[in-house]
Structures are given as structure tokens and as C-alpha cells.
Amino acid sequence: MLTVIDQTLRARLCASPAGDRVIAATLIYQCDDPLAARMSFPASATLDGLDVTWTFARDLLAAGLRMPSGEGDVHVWPCGERRTMVELSSPEGIALLQLDTEDVQDFLTRSYTAVPPGDEHRHIDLEADLAALLADE
């Protein structure tokens, strides 16, 4: 079984200080963290010149294809039939990204093939996670 699914895509960074620009982004899904999706950006696409990865619920990404979704630092919503918007908020500022909806759907389909919705609990090792938490104390 696949353990990691990744998909590189083009994201339009909207309203950046230098104007709109296209950047590389990678959507990542790991079967051993089945409730999460990650969006990673290379150092060349960030203000501080460091690689950055955002982690949020896979369900949030899926819901955002149909309707405005999200609370807190990550919001996702449809923008017409072909685009999906992702807003990432941090103390340093807000990034507004426009993604091709088809790319997001393809990523989600691949993640659902690896871990179907509702089966996430079968891929979580609670004993190992608890042991790791206790070892950190």
C-alpha cells in the first residue's frame, strides 16, 4: 500500500507585494497521519527563504471544493468551476493562493484510494502515538 502521496502543482499567489505570481506547491498525504493533508512550499516561494509546510484536515480541503470551509489559520473555498482558493494566515501575514480544482480533486482521489473516508481510524496507531507522547514528558 502507498504510504505517501504527493502532487506538485502550480499555485497563483494572489496580491503578493510584487503582484500575482505563480509558485510551486506540493500537496502531501501520509497514510500514517490519515486525517491530515499538507501543503508544502519551497524556500524560493517564501518571504523568509525557508521551506514551509502547512498541515490541515484532509476533510477541510475536500469541503472547500464545494463551499467556503475552515476556521482558524486555513480557509478553502471554490472560485468558479475551475479554481479553488486557499487562504493561509499566520502572525507574519496572509497568503491567498489560487489552485486548479482538478489538481486538488486528483490529489484527494489518490488519497481516498489509499485511505477511504471513514477508514482513517484503521491507519492510526494509538498505542504508538500515546507512547511517543509519554516519552516526550
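Note that this is a predicted model, so its numbers are computed, not measured.
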Under 3.5 Å, is there a donor-acceptor pair between the side chain of Asp51 and the main chain of Ala43?
-> yes
Taking all heavy atoms of Ala25 and all of Ala11, pick out the closest pair and write down the distance.
-> CB-CB, 4.3 Å
Measure the shortest side-chain to side-chain distance between Leu27 and Leu61 over non-hydrogen atoms and say whether it is less than 4.5 angstrom.
-> yes
Show your reasoning for whether side chain to side chain contact (heavy atoms under 4.5 Å, CB included) applies to Arg82 and Thr101.
-> CA-CA 5 Å; Arg82 299 181 58 213; Thr101 299; 5.5 Å; no
Side-chain contact test, heavy atoms from C-beta onward, threshold under 4.5 Å: evaluate it for Thr3 versus Asp32 and give yes or no.
-> no
Distance-minimising heavy-atom pair for Tyr112 and Ala62 | OH-CB, 3.2 Å
Reported CD-to-CG distance for the pair Glu92 and Asp48, which is rounded to 0.5 angstrom | 7.5 Å
Drop me the distance from Asp6's CG to Tyr29's OH, to the nearest 0.5 angstrom.
-> 14.0 Å
OG1-CD distance between Thr109 and Glu102, expressed to the nearest 0.5 angstrom | 10.0 Å
Heavy-atom closest pair, residues Pro78 and Pro68 | CD-N, 4.0 Å
So, for Ser69 and Gly64, which heavy atoms are closest and what is the spacing to 0.1 Å?
-> OG-N, 3.5 Å
Any donor-acceptor N/O pair, Gln7 side chain to Asp103 backbone, under 3.5 Å = yes
When rounded to the nearest 0.5 angstrom, what distance separates CD1 in Ile5 from CG in Asp106?
-> 12.0 Å
Could you walk me through whether Arg10 and Asp100 pass the side chain to side chain contact (heavy atoms under 4.5 Å, CB included) check?
-> CA-CA 8 Å; Arg10 295 168 32 127; Asp100 287 340; over 6 Å; no
Name of the residue among Leu99, Thr84, Val76 meeting side-chain contact (heavy atoms from CB on, under 4.5 Å) with Leu65 | Thr84
From CA spacing to verdict: side-chain hydrogen bond (donor to acceptor under 3.5 Å, both in side chains), Thr26, Ser40 | CA-CA 5 Å; Thr26 304; Ser40 204; 5.9 Å; no
Would you say the side chain of Asp73 lies within less than 4.5 Å of the side chain of Trp54, judging by non-hydrogen atoms?
-> yes
Just do the side chain to side chain contact (heavy atoms under 4.5 Å, CB included) check on Phe41 and Leu13 with the steps written out, would you?
-> CA-CA 11 Å; Phe41 303 95; Leu13 180 61; over 6 Å; no
For the pair Val74 and Met39, evaluate side chain to side chain contact (heavy atoms under 4.5 Å, CB included) and give the outcome as yes or no after the intermediate values.
-> CA-CA 11 Å; Val74 180; Met39 186 177 288; over 6 Å; no
In this structure, CG of Leu60 is separated from CG of Leu35 (nearest 0.5 Å) by 12.5 Å
Flag, side chain of Arg58 to backbone of Ser111, donor-acceptor distance under 3.5 Å = yes
Is it the case that more than 12 heavy atoms not belonging to Gln105 sit under 6.0 Å from its CD atom?
-> yes
Least distance between heavy atoms, Asp20 atom then Cys14 atom | OD1-CA, 3.2 Å
Quick one: CG on Leu50 to OG1 on Thr53, what's the gap to the nearest 0.5 Å?
-> 11.0 Å
